[in-house]
Amino acid sequence: MSVDPSTLTPDELDTFIKTRLVLSGIDLNLLPTTPDAVTGAPTQSQVLASLRSFVTSSPVQINAWRPAAASPALSQELSPPLEYPSITEAWTGRAAQK
């Protein structure tokens with residue numbers, strides 16, 4: 001089921017983003033709550049603001065993408081398309097086989 005982020009309230013949008021992060025294995029709570037000049041790591045609120053902007057401006061295709069699979073259980077385990085497949089092919093040794 002795809003969700004149109006423009007129809008969500010700010011609280012629903014935050015919940016949507018945090019849920020997608022948790023499902024992806026990302027814990028937003030590991031980021032600092034105050035700016036850290038030493039590491040330059042973004043704060044939780046900075047990341048959430050950036051993701052709000054991304055989610056509300058991204059094409060619907062990203063939100064609606066689901067892997068093709070014979071069963072729902074399998075589709076939940078597959079990864080989305082790689083942004084840089086050539087790097088992954090080099091790491092796995094498949095680039096040398098071509």
Side-chain angles (χ1 to χ4, degrees):
M1 170 176 117
S2 69
V3 174
D4 181 2
S6 65
T7 63
L8 301 176
T9 67
D11 287 338
E12 290 173 334
L13 184 58
D14 287 351
T15 301
F16 174 75
I17 292 168
K18 289 176 183 178
T19 301
R20 295 290 294 244
L21 289 173
V22 167
L23 291 173
S24 299
I26 299 169
D27 186 359
L28 195 60
N29 295 321
L30 295 177
L31 293 173
T33 55
T34 57
D36 184 355
V38 176
T39 64
T43 64
Q44 293 175 17
S45 58
Q46 288 173 324
V47 170
L48 199 53
S50 177
L51 288 172
R52 269 188 230 109
S53 174
F54 175 78
V55 168
T56 56
S57 66
S58 295
V60 176
Q61 293 83 354
I62 293 174
N63 186 30
W65 182 86
R66 299 292 181 270
S71 73
L74 180 59
S75 68
Q76 293 173 5
E77 296 174 16
L78 296 176
S79 299
L82 295 171
E83 186 171 350
Y84 302 104
S86 60
I87 294 170
T88 303
E89 288 182 8
W91 287 340
T92 59
R94 286 189 278 167
Q97 297 171 1
K98 292 182 178 183

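Side chains included, hydrogens not; waters and symmetry mates left out as well; all remaining heavy atoms used.
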- Just wondering, do L51 and L21 contact through their side chains at under 4.5 Å, heavy atoms?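 Yes - at least one pair of side-chain heavy atoms lies under 4.5 Å apart.
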
- Could you tell me whether the side chain of K18 reaches within less than 4.5 Å of the side chain of L48, counting heavy atoms only?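 Of all side-chain heavy-atom pairs linking K18 with L48, at least one is under 4.5 Å.
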
Answer with yes or no whether the hydrophobic clustering places [X] together with [Y]; edges join I, L, V, M, F, W, Y residues whose side-chain heavy atoms lie under 4.5 Å apart.
X: F16; Y: V22; answer: no
X: L8; Y: L28; answer: yes
X: L13; Y: I26; answer: yes

- What one should report as the nearest heavy-atom pair of S53 and S57 is O-OG, 2.8 Å

- Task: Identify the heavy atoms of P35 and T43 that sit nearest to each other, and give their distance.
- Result: N-CG2, 3.5 Å

- Would you find a donor on one side and an acceptor on the other, under 3.5 Å apart, between the side chain of Q44 and the backbone of L31?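 Checking the backbone N and O of L31 against the side chain of Q44, a donor-acceptor pair under 3.5 Å is found.
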
- Item | All side-chain hydrogen bond (donor to acceptor under 3.5 Å, both in side chains) counterparts of T15, not counting sequence neighbours |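 T15 satisfies side-chain hydrogen bond (donor to acceptor under 3.5 Å, both in side chains) with no residue once adjacent residues are dropped.
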
